[in-house]
Every structure is written in C-alpha cells, then in structure tokens.
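When reading the values below, keep in mind they use all heavy atoms of this one structure, side chains included, and skip hydrogens, waters and symmetry mates. Note that ligands are numbered from 1 as they come in the structure, with each ligand's atoms numbered from 1 the same way. Source: prediction; values computed, not measured.
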Amino acid sequence: MGRVALITGITGQDGSYLAEQLLARGYDVHGLIRRSSSFNTGRIEHLYVDPHVEGVRLKLHYGDLLDSSSLRRLIEEIRPDEVYNLAAQSHVRVSFDMPEYTADTIVVGTTALLEAIHQSGVKPRFYQAGSSEMYGAVLESTQDETTPFRPQSPYAAAKVGAHAMVRVYREAYGLFAVNGVLFNHESPRRSPTFVTRKITRGVARILAGLEPALFLGNLDAQRDWGYAPEYTDAMWRMLQQDEPDDYVVATGETHHVYEFLHEAFALAGLDHDEYVKFDAAYLRPAEVDLLCGDASKARERLGWEPTTRFHELVRLMLEADCREAGLDPDTVLRPVEASA
Ligand code: NAP
Ligand code: G4F
C-alpha cells in the first residue's frame with residue numbers, strides 16, 4: 001500500500017502544489033477543506049476525481065482547524081504517515097484586523113492538531129508551515145535557523161507560538177515534527193491579495209483595458225521571493241530525513257517591492273508612474289523591512305536548491321495573468337531576449 005498524507009490548507013496555493021506532488025509520488029492524499037457557501041476548491045479542481053470512481057487517491061474531508069473533534073476523527077480514520085499543516089489565516093495585513101482569529105487558526109489550531117495526533121496514538125511525521133515573517137524586525141542582513149524571532153504582526157507572533165508548540169511535541173513526546181521556515185513563495189496560484197500577484201494581475205488587467213490603475217501601499221520593503229512548487233518539494237524532503245529538525249527555505253536573493261513592480265510594468269511596455277497609485281489602506285501598523293534567507297542547511301541536508309529566480313518568476317506570473325485576462329503573452333509582453 002502507498003503512503004498516506006493529510007494536508008490541512010489543501011485548497012490554498014501551497015496545498016494545491018503539494019497535493020499534486022504527493023499524488024505523483026504515489027501517495028493517497030487526504031485534504032481538510034472548510035465548508036463554504038461558494039466553491040473554494042478551484043486550485044485543486046484538476047486533481048479531483050469523483051469519489052465513486054474506484055482507486056481514487058485524493059479524498060477531501062470537511063473540517064476546520066478550529067474544530068478539534070473533526071481533527072481527532074480524521075487522524076483516527078485516515079491514520080496518515082505524514083501530516084502537512086498548511087492551514088492558516090495567512091495574510092499579514094488582515095492579521096491586524098483579525099488578531100484573535102489569526103491566533104486561533106495558527107496557535108490554537110496547530111496545537112489542536114498536534115494534540116489530536118498525540119492522543120490518537122498514530123505517529124505520523126508532521127510538517128508545520130512556519131514563516132520568515134517570524135524574524136520580523138531583523139538585526140541581521142540574512143536570516144537562518146539561528147536568527148532570533150522578533151515578530152512584527154499578530155500573524156508572525158502566532159507563527160512563533162506554533163513553531164514553539166511543534167518543538168514541545170517533538171521534545172516531550174518524541175513526535176517526528178518539523179518546522180519549515182519558508183520565505184515568501186509565489187506562483188500563478190497565489191491569492192491576488194498578496195503583493196506579487198496583485199501586481200502581475202493588475203498589469204495584465206490594465207493591458208486588457210479591464211482596470212484603469214493599481215493601488216498599492218509600501219513599496220520599500222524587501223522580500224526574498226521564490227517559486228511555490230519548489231518550496232512544497234522542500235516540505236516533503238524535510239519529512240524524509242532520519243531525524244526531525246527545522247529548516248529555512250529561501251533563494252538568498254532579496255528585492256524591493258518596487259523592483260517587482262518596475263519589472264512587471266517594463267515587461268508589459270507600460271510606464272508604472274502612469275498607473276500605480278498609493279493607498280494608505282495597504283500599509284501595516286508595523287512593517288517587516290528586510291527579509292533575505294540563508295538556506296545553506298536545506299541545501300546541504302535536503303539536497304534542495306531553488307531554480308526559479310526573480311526575473312523568471314515575475315515573467316511566469318505575468319504570462320499566466322495575461323492568459324487569464326484573455327491576452328496572448330507572446331503578443332503583449334516583451335520577448336525574453338529583449339527583457340534579459
Ligand atoms: P493560502 O493560499 O492563504 O492558503 C491557506 C489555506 O488555509 C487555505 O486552504 C484555507 O482555506 C485554509 N484555512 C484557513 N483557515 C482555516 C481553518 N480555520 N481551518 C482549515 N483551513 C483553513 O496560504 P499559502 O500561501 O498556501 O501558505 C500555506 C501556509 O504556509 C500558510 O500557513 C502560510 O501562513 C504559510 N506560509 C506561506 C508563505 C508564502 O509565501 N506563501 C511563506 C511562509 C509560510 P480556504 O481556501 O477555505 O480559505
Ligand atoms: O505580499 P505580502 O502581503 O506578503 P508578506 O506580508 O511578506 O507575507 C507573505 O509572506 C510571508 C513569508 O514571509 C508568509 F508567511 C505570509 O503568509 C504571506 O504569504 O506583502 C509583501 C510586502 C509587504 O511589505 C507589504 O507591506 O508588500 C508590501 N505591499 C505594498 N503594497 C503590499 C501592498 N502587500 C499587499 N498584500 N498588498 C499591497 O497592496
């Protein structure tokens with residue numbers, strides 16, 4: 001029998017890529033999904049097969065990280081070999097508006113899942129989706145597994161709490177529990193409320209005549225942006241090691257938000273000064289100015305290497321958004337050689 005994985009947050013960007021990769025590796029994949037009045041399964045529609053068909057390897061289950069009884073039931077029913085805890089209220093700006101809910105999904109939800117595993121007696125390997133946001137007000141120009149956390153948002157503080165809880169279950173109960181500390185990772189499946197996708201989607205829609213302008217907040221922050229499917233591969237690698245440990249996953253390259261903006265508008269042959277407007281609503285009460293990861297440990301121990309770099313990432317996201325806006329990227333974007 002193949003291995004069995006449970007993914008919370010399977011309907012999100014990372015969950016969809018991870019599900020794809022685990023199915024390709026022969027796993028039976030179970031996903032926790034929230035009940036919603038409209039479909040929330042768009043990112044995994046291409047993987048979905050009617051459960052009445054024999055041999056189906058992707059199964060979806062209603063539940064919620066805030067409903068501990070559903071977590072306990074699922075762990076006991078599915079008896080997974082690996083659990084990937086990706087579910088979260090993952091938007092930093094929104095976490096200032098909804099701090100309690102954010103903390104509930106991240107700290108209480110993660111604890112509920114760890115405790116459900118502990119109580120069940122099932123001993124799956126456990127991955128926790130930690131974030132570079134935990135570093136917050138950084139004092140060092142690159143961050144690795146030894147860099148202290150100085151969180152700047154309810155989201156980041158909650159992720160620090162979940163990170164600590166994972167260590168407690170690892171030390172106290174010998175659970176194979178791993179914290180990934182992942183720097184920003186993006187893709188055409190990124191929610192359009194995060195800045196990279198907001199920019200590429202905005203540029204494509206301006207090109208298509210669907211929007212007159214793009215409203216943004218702070219353009220001065222620096223982020224280390226990688227390509228999401230490469231990061232979900234790193235999650236899997238962490239759970240295949242002999243011992244549980246914590247790992248940073250990053251490209252080691254950092255760029256200002258305005259560089260991403262310039263790059264996307266330049267590829268489309270548009271002048272960003274004409275279209276980009278400032279809106280203070282997108283500022284945060286406290287900002288993280290600089291993130292740049294050092295993933296040496298992941299390189300050495302996991303054999304993991306980022307391959308998609310900044311310019312390629314901007315292009316592939318913009319191309320996908322052009323298609324979504326009904327445009328042919330080969331016609332409307334500058335060719336690769338002209339933009340290299
Ligand atoms: P995402 O696209 O926002 O997906 C979040 C997922 O969590 C969605 O499937 C969402 O369900 C689900 N969810 C939210 N609240 C839930 C709850 N109470 N119970 C059950 N499910 C719930 O996030 P992502 O970019 O894929 O990121 C995956 C994880 O990695 C998150 O924990 C995020 O904080 C963390 N992370 C992300 C990055 C990054 O750059 N992407 C970097 C570091 C860490 P719906 O679809 O129903 O909303
Ligand atoms: O795209 P962002 O919202 O991503 P942020 O805050 O870095 O968080 C993402 O990455 C984290 C990993 O470090 C994850 F843990 C987290 O779940 C999430 O996936 O914002 C990036 C930067 C910020 O400095 C923000 O202030 O872009 C700036 N920004 C400027 N204008 C904007 C906007 N961000 C958003 N979302 N929307 C804007 O209009």
### Task
Would you mind running through ligand 1 and noting each atom that sits below 4.0 Å from a heavy atom of Gly12?
2 (O), 4 (O), 8 (C), 9 (O), 26 (O)

### Query
Between Leu270 and Leu207, is any pair of side-chain heavy atoms under 4.5 Å apart?
yes

### Query
Is any N or O atom of Ser132, backbone or side chain, closer than 3.5 Å to an N or O atom of ligand 1?
no

### Message
One residue to check: Arg93. Relative to ligand 2, which of side chain, backbone, both or neither has a non-hydrogen atom less than 4.0 Å away?
### Response
neither

### Query
Taking heavy atoms and a distance under 4.0 Å, where does Arg190 meet ligand 1: side chain, backbone, both or neither?
side chain

### Query
Are any non-hydrogen side-chain atoms of Arg93 and Tyr155 less than 4.5 angstrom apart?
no

### Task
Please identify which atoms of ligand 2 are closer than 4.0 Å to at least one heavy atom of Ala221.
24 (O)

### Message
Between the side chains of Arg167 and Glu171, is the shortest nitrogen-to-carboxylate-oxygen separation below 4.0 Å, so that they form an ion pair?
### Response
no

## Note on the structure
In terms of its nearest heavy atom to atom 33 (C) of ligand 2, the top option of Val195, Asn184, Val276, Leu214 is Val195

### Task
Would you kindly specify which portion of Glu133 sits under 4.0 Å from ligand 1, judged on non-hydrogen atoms: side chain, backbone, both or neither?
neither

### Query
Under 4.0 Å from any heavy atom of Thr105, which atoms of ligand 1 are there?
18 (N)

### Message
I need the atoms of ligand 2 closer than 4.0 Å to a non-hydrogen atom of Lys198, numbered in the order shown.
### Response
38 (C), 39 (O)

### Query
Within 45° of the ring axis of Phe176 and under 6.0 Å from its six-membered ring centre, is that where the NZ or CZ of Arg125 lies?
yes

### Query
Would you call Asp233 and Arg25 a salt bridge, using N to O less than 4.0 angstrom?
yes

### Query
Under 4.0 Å between a Lys/Arg side-chain N and an Asp/Glu carboxylate O for Glu82 and Arg3?
yes

### Message
Test your reading of the structure: does Asn184 have an N or O sitting under 3.5 Å from an N or O of ligand 1?
### Response
no

### Query
Aromatic ring centroids of Tyr282 and Phe215 under 6.0 Å?
no

### Query
Any ion pair linking Arg34 and Asp67 (charged N to carboxylate O, less than 4.0 Å)?
no

### Summary
For atom 34 (O) of ligand 1, the closest protein heavy atom turns out to be Tyr155 OH, 2.6 Å

### Task
Just jot down the ligand 1 atoms closer than 4.0 angstrom to any heavy atom of Tyr101, in number order.
15 (N), 18 (N)

### Query
Which bit of Tyr231 is near ligand 1, meaning a heavy atom under 4.0 Å away: side chain, backbone, both or neither?
neither

### Query
Would one find more than 12 heavy atoms of other residues, nucleotides or ligands at under 6.0 Å from atom CD of Gln240?
yes

### Summary
Residue set satisfying ring pair (Phe, Tyr, Trp, His ring centres under 6.0 Å) with Tyr275, at least two apart, ordered chain then number -> none

### Task
Indicate yes or no: does an N/O atom of Arg34 lie under 3.5 Å from an N/O atom of ligand 1?
yes

### Task
Between Arg223, Arg284, Gln222, flag the one that comes closest to atom 20 (O) of ligand 2 by a heavy atom.
Arg284

### Query
Any N/O of Tyr282 closer than 3.5 Å to an N/O of ligand 2?
no

